Amino acid sequence: MSNKPPKHSELKKKETAAKRMRGSWGKSRAAAPSIRIRPERFLIVTEGTRTEPLYFEGFRRRINAAFRGEYVTLRVYGVGANTVSLFDQAKSIAEADPDGFTQVWVVYDKDSFPARDFNVVVDLCASASGEGVAYRAAWTNEAFELWYILHFMFTDSALGRESYEPMLTRCLREDGAGDYAKNRPDMFEVLERHMPVAIANAEKLERANEGKAPADSNPGTSVHLLVKELLPYAGGPKEGGCSE
C-alpha cells in the first residue's frame, strides 16, 4: 500500500460523493415502474353467424370501453360451422394467432345434430386444453335464445326452438324493450341488467341436469360459464326480471 497522501482532486471527489449521499437521506425514493400484465385473451367462435356474434360483440364493446384494449383482448368469430367442425375451426383460428389465447370458447346449439356430435365437443375441448390455454364449450339445448329467456324467468320444461321467440317477445314487452327478432343487434344492452337473474337460473338448470350429457339436458346451457368469465372485465349489472 502506498504511503503517499491522496491528491487534492481525489479528496474533492470523495467529499462531493459524501455530500450527495447525505443529501439523499430521508428523501422518498421514486416508485418502481409498474409492469402491466395482460391477464386474458379470449377467442369466441360461434356456430351462428349473426345472433351469437352480435351478443358477444356487446361484451367486446363494453370491455374495450373499460380497458381500452390494454389488458383484455376479446375476438368473436361467427363461422357458420357446427359441433366437431366448429371446434376444428376454433382450434385453427387459435393456433394461427401469433399472440395466442388464454381461453378459447366454442359456442353452439343442439339443432338436429346427432347426440354424439353434440356431446363430443365438450371432450374435444378438454383434450385440447393445455398449458396457457383452456378450450371450453358453451352449448345450449336447444337454441341460444334459451339463454335470453333465462334473463327473465326460470324454466325446466323441454322447449322446442319455435317456442322461444313468443316467450322472449312477451318478456321484452313487459320490460319495455319491444319485440324480439332474431339477429336483433342490441340484445346485450337490453339484457345486461338482468344477467344476475340469468346466471342464477342457468346454475339452477345446471344442478337439475347434473349427471346428464348436454344432448340429454333439455332445457340446458353452459353459456353462463362464459359470461361469468367475461363479466369481471365488463362491470357489474343490476338485477331485473319478468313474470312467468
Side-chain angles (χ1 to χ4, degrees), residues 42 44-63 74 76-78 80 82 86 105-113 118 136-209 214-215 217-231 234-244:
F42 289 89
I44 300 174
V45 180
T46 73
E47 172 191 349
T49 58
R50 292 284 292 167
T51 301
E52 297 95 325
L54 285 169
Y55 177 75
F56 288 111
E57 280 292 330
F59 266 108
R60 190 184 65 80
R61 289 192 300 272
R62 178 57 52 81
I63 290 170
L74 171 59
V76 183
Y77 292 86
N82 54 68
L86 180 65
W105 286 84
V106 184
V107 181
Y108 60 105
D109 294 347
K110 175 63 174 71
D111 292 327
S112 57
F113 307 122
F118 188 70
R136 306 282 298 278
W139 53 269
T140 305
N141 188 352
E142 285 194 358
F144 187 76
E145 281 83 358
L146 172 65
W147 168 245
Y148 291 169
I149 289 170
L150 293 174
H151 286 70
F152 302 102
M153 66 176 70
F154 175 77
T155 179
D156 57 1
S157 300
L159 300 172
R161 59 183 56 245
E162 68 281 354
S163 304
Y164 293 150
E165 289 195 26
M167 289 178 69
L168 272 171
T169 289
R170 180 169 56 80
C171 283
L172 289 170
R173 285 177 179 175
E174 287 187 23
D175 204 42
D179 293 354
Y180 177 70
K182 201 166 183 64
N183 304 330
R184 182 171 166 173
D186 63 344
M187 289 304 292
F188 172 82
E189 289 78 13
V190 167
L191 298 174
E192 182 180 11
R193 69 189 182 93
H194 301 293
M195 280 183 197
V197 173
I199 291 170
N201 284 336
E203 289 175 339
K204 188 175 178 181
L205 265 183
E206 187 178 25
R207 292 190 293 272
N209 290 324
S217 302
N218 184 8
T221 184
S222 63
V223 170
H224 64 292
L225 302 179
L226 169 53
V227 169
K228 285 169 69 173
E229 291 290 332
L230 297 175
L231 268 180
K238 298 178 181 179
E239 292 193 24
C242 113
S243 60
E244 292 195 36

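Fair warning: this is a prediction, and the values are worked out from it, not measured in the lab.
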Inset, instruction - For side-chain contact (heavy atoms from CB on, under 4.5 Å), just list the numbers for Thr155 and Leu146, CA-CA rounded to whole Å, side-chain angles, deciding distance to a tenth of an Å, and then say yes or no. - result: CA-CA 9 Å; Thr155 179; Leu146 172 65; 4.2 Å; yes
So, for [X] and [Y], which heavy atoms are closest and what is the spacing to 0.1 Å?
X	Y	result
Thr221	Leu150	CG2-CD1, 3.9 Å
Ser157	Pro219	O-CD, 3.2 Å
Arg62	Ala234	CG-O, 3.2 Å
Ile44	Leu74	CD1-CD1, 3.5 Å
Met195	Leu231	SD-CD2, 3.7 Å
Trp105	Ala137	CZ3-O, 4.1 Å

Inset, instruction - Given side-chain contact (heavy atoms from CB on, under 4.5 Å), test Val76 with Phe59 step by step and report yes or no. - result: CA-CA 10 Å; Val76 183; Phe59 266 108; over 6 Å; no
Atom [atom1] in [X], atom [atom2] in [Y]: separation rounded to 0.5 Å?
X	Y	atom1	atom2	value
Asn201	Glu206	CG	CD	12.5 Å
Met153	Glu174	CE	CD	7.5 Å
Phe152	Met167	CZ	CE	11.0 Å
Leu230	Arg60	CG	CZ	12.5 Å
Phe56	Leu226	CZ	CG	4.5 Å
Met187	Leu54	CE	CG	10.5 Å

Legend entry - side-chain hydrogen bond (donor to acceptor under 3.5 Å, both in side chains): pairs with one or both residues in residues 45-55, sequence neighbours excluded: Thr51-Asn183, Tyr55-Trp147
Under 3.5 Å donor-acceptor, [X] side chain and [Y] backbone:
X	Y	value
Thr140	Asp109	no
Ser217	Asn141	no
Asp175	Cys171	no
Arg161	Glu142	yes

Legend entry - Plane angle bin for Trp139 and Phe118 - parallel if under 30°, tilted between 30 and 60°, otherwise perpendicular: perpendicular
Inset, instruction - Would you please classify the geometry between the Tyr148 ring and the Phe144 ring as parallel, tilted or perpendicular, with 30° and 60° separating the classes? - result: perpendicular
Inset, instruction - State, yes or no, whether a side-chain contact exists between Leu205 and His224 at a heavy-atom distance under 4.5 Å. - result: no
Inset, instruction - Report the C-alpha distance between Leu225 and Arg136 in whole Å, list the side-chain angles of each, state the deciding distance to 0.1 Å, and finish with yes or no for side-chain contact (heavy atoms from CB on, under 4.5 Å). - result: CA-CA 9 Å; Leu225 302 179; Arg136 306 282 298 278; 4.0 Å; yes
Inset, instruction - Determine which pairs satisfy salt bridge (Lys or Arg N to Asp or Glu O under 4.0 Å) with at least one residue from residues 177-190, sequence neighbours left out, and list them in order. - result: Arg61-Glu189, Glu145-Lys182, Arg173-Asp179, Arg184-Asp186
Inset, instruction - Start with the C-alpha distance between Glu57 and Phe188, add both sets of side-chain angles, then the distance that settles side-chain contact (heavy atoms from CB on, under 4.5 Å), and finish with yes or no. - result: CA-CA 8 Å; Glu57 280 292 330; Phe188 172 82; over 6 Å; no
